[in-house]
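Okay, structure first, notes after.
First the proteins, then the strands, lettered A, B, ... as listed; each starts at 1.
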Number of protein chains: 2
Amino acid sequence: MALSPSARAPLADEVTAKLRAMVQSGEWPLHQRIPSETELMAGLGVSRGTLREGIKALAHSGMLEVRRGDGTYVRATSELSGAARRMYQDHTEQHILEVRLGLDTQAARLAARHATADDVTALRALLTARDQAWAGGDYEAWARADWGFHERVAQASGNPLLHELYLSFGSAFHQDLLKQQRRPGFDGRPHEGHDHLADAIEARDEDAAAATVDRNLNSCAEWLAG
Amino acid sequence: MALSPSARAPLADEVTAKLRAMVQSGEWPLHQRIPSETELMAGLGVSRGTLREGIKALAHSGMLEVRRGDGTYVRATSELSGAARRMYQDHTEQHILEVRLGLDTQAARLAARHATADDVTALRALLTARDQAWAGGDYEAWARADWGFHERVAQASGNPLLHELYLSFGSAFHQDLLKQQRRPGFDGRPHEGHDHLADAIEARDEDAAAATVDRNLNSCAEWLAG
DNA sequence: CAGACATCAAACGTCTAACCTTTAGGCTGG
DNA sequence: CCAGCCTAAAGGTTAGACGTTTGATGTCTG
């Protein structure tokens, strides 16, 4: 044939793209099982091997989880999480905290610039829940609220890329949080920096927001080292 | 059988791990072609389908590139680049620059804290090369030296995680650089912030280093917007 | 002798078809 | 009501075959 300008993209790559699109569009919601390989083979018109190559690519990047004998589930809407988790295992707490400091500071600064009234309300509510959980001794709820607060700050930054990065690294960040609270003598309440950060964001004071995060995480780093 | 504590990891995942190890250990250097599928099948003792699943996972994450009719090549030593490049396409220059600002600032601060004499020497050399390239009108060399400077700062931070992140996002960052210099009226020399940054790092002045980066990228952002 | 063209082998791309292992959930019997 | 068995469904793995692309080799022509 005279056409075919050059080379078609491999079928398996198209499959990967279609699967990713199904997840990102929300057609396959988080934590839900996607159709079986047999159904997908028919739906996409490819052989099982080709289909599996596409699935495995997304599974490796953390977006899907394949459970033998059961099915395949959506585990994330971004493809960073797998690589992020893998990278985390190779680095020390100190280095992780340093990277987090960079992202957190920037998130706080941008949140102070762009946060909406709803964002502030949500942040306050999370802090209240956090204090209550600590008072009630519910460690799990405390960690969830604490992480929720940080994640909401990232969202309030109005920068989807930053937010997505934060979410992808979130599981590892959160793990660090849990590690902290398990140490003897840890007190989750006195760190009032969270309130100060919420204040700074509401007041649209970028420098104060950034400084607060810097102070919080640095004291956290010292506490880990000490 | 009484053994088999639970479930063995899928063979394809083991293959992926072994391939990644070959790359990260340097046994398969960057830009070099790895053994053919036939050889790997024999070497690893798995079928072609299983092997290809493993290869495709790493190819999708940007570590390998499979070229039909030719072979498979090593394209990166980290697995972030693929996801990073894909994420970049979905976000605006503004948001990219904001994230970069966060990472760059932290890198500069840490470099001021940890940089060795060799680091400083290398930074100075790159700045010299950068100026010469600009004077000679060699745009490509200018961009290479400019990016090399930023990457070296990240390396000098002494934080491997930060450095790896920076490298993974590097291609996209670098692309932004090229976009800038193509605009009419752009002058690559007057931005003397690079020299100031090198000064601050050598003087071990963390705040000055961070402030310089902040000033540079913010002016860059304004220039893009203007 | 240099360049254009034909040829070939190596390597990846895809498909088919089968069999094994694991898992979830229903069924059955106590 | 619970424990254990049983089975259908789903993923894991293998084997072999054939198509397509690419890079290199060799040959022919001007």
Side-chain angles (χ1 to χ4, degrees), chain A residues 1-20 22-23 28-29 31-75 82, chain B residues 1-20 22-23 28-29 31-75 82:
Chain A
M1 289 193 265
L3 46 132
S4 81
S6 58
R8 228 181 45 257
L11 249 184
D13 289 2
E14 281 182 41
V15 169
T16 304
K18 285 183 184 176
L19 297 179
R20 181 177 48 238
M22 293 297 259
V23 171
W28 293 342
H31 304 308
Q32 183 170 317
R33 188 170 60 184
I34 74 174
S36 74
E37 294 183 352
T38 312
E39 294 174 79
L40 289 175
M41 273 173 62
L44 296 174
V46 298
S47 78
R48 200 173 162 210
T50 304
L51 171 66
R52 279 177 61 85
E53 282 184 20
I55 291 179
K56 268 309 185 85
L58 291 182
H60 184 69
S61 67
M63 180 174 267
L64 299 178
E65 179 190 355
V66 187
R67 297 183 48 171
R68 186 179 192 171
D70 183 4
T72 302
Y73 295 79
V74 179
R75 286 296 179 235
Chain B
M1 291 192 264
L3 48 130
S4 79
S6 57
R8 226 180 48 256
L11 249 184
D13 289 2
E14 281 183 39
V15 170
T16 303
K18 284 183 184 176
L19 297 179
R20 181 177 48 238
M22 293 297 258
V23 172
W28 293 343
H31 305 306
Q32 184 170 316
R33 189 170 60 184
I34 74 176
S36 75
E37 294 183 352
T38 311
E39 294 175 79
L40 288 175
M41 273 173 62
L44 297 175
V46 298
S47 77
R48 199 171 161 214
T50 304
L51 171 66
R52 279 179 60 84
E53 283 183 19
I55 291 178
K56 266 310 183 92
L58 291 182
H60 183 70
S61 65
M63 182 174 266
L64 300 177
E65 179 190 354
V66 187
R67 296 184 47 171
R68 186 179 190 170
D70 184 4
T72 302
Y73 295 78
V74 180
R75 286 298 180 234

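- Across dT13(D), dG11(D), dG13(C), the shortest atom-to-atom separation from the side chain of Ser36(A) is found for dG11(D).
- In this structure, Glu14(A) atom CD and dG13(C) atom P are separated by 13 Å, rounded to whole Å.
- Of the listed nucleotides (dT20(D), dA10(D), dT14(C)), dT20(D) has the atom at the smallest distance from the side chain of Arg68(B).
- As a whole-Å value, the separation of Leu51(B) CG from dT13(D) C1' is 13 Å.
- One interatomic measurement links the two molecules: CZ of Arg33(B) to C1' of dG23(D), which rounds to 9 Å at whole-angstrom precision.
- Atoms CE (Met41(A)) and C1' (dG11(D)) sit 13 Å apart, rounded to a whole Å.
- Under 3.5 Å, the side chain of Arg48(A) and the base of dG12(D) form at least one donor-acceptor pair of N or O atoms.
- The two residues Leu58(B) and His60(A) come nearest to each other via the heavy atoms CD2-NE2, 3.8 Å.
- Separating the CD atom of Glu37(A) from the P atom of dA8(D) is a distance of 20 Å, rounded to the nearest angstrom.
- Note on Thr72(B): only backbone sugar-phosphate atoms sit closer than 4.0 angstrom, heavy atoms only; bases stay farther off.
- The nearest heavy atom of DNA chain C to Arg67(A) and to Gly45(A) marks one nucleotide each, and the one closer to the 5' end goes with Gly45(A).
- Set against dG11(D), dT23(C), dC12(C), the side chain of Val66(B) has dC12(C) as its closest nucleotide.
- Atom NZ of Lys56(B) and atom C1' of dC12(C) are 10 Å apart (whole Å).
- In this structure, Leu40(A) places its CG atom 11 Å from P of dA10(D), rounding to the nearest Å.
- For the pair Tyr73(A) and Glu53(A), both in contact range of DNA chain C, the more 5′-proximal nearest nucleotide belongs to Glu53(A).
- What separates CG of Leu11(A) from C1' of dT21(D) is a distance of 15 Å, to the nearest Å.
- At dC15(C), one or more side-chain N or O atoms of Thr50(A) fall inside 4.0 Å of OP1 or OP2 (strictly under the cut-off).
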Applying side-chain contact (heavy atoms from CB on, under 4.5 Å) to Val74(B) and His31(B), what does each step give before you reach the verdict? CA-CA 5 Å; Val74(B) 180; His31(B) 305 306; over 6 Å; no

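- Using modelled atom types, one finds no donor on one side chain facing an acceptor on the other under 3.5 Å when comparing Thr50(A) with Glu53(A).
- Nearest heavy-atom pair across Lys56(B) and Ala12(A) is NZ-CB, 3.4 Å.
- Closest contact between the side chain of Asp70(A) and the listed nucleotides dG13(C), dT22(D), dA24(C) involves dA24(C).
- Leu19(A) and Gly54(A) get closest at one heavy-atom pair: CD1-C, 4.1 Å.
- Note on Arg52(B): a base of the nucleic acid sits closer than 4.0 angstrom, heavy atoms only.
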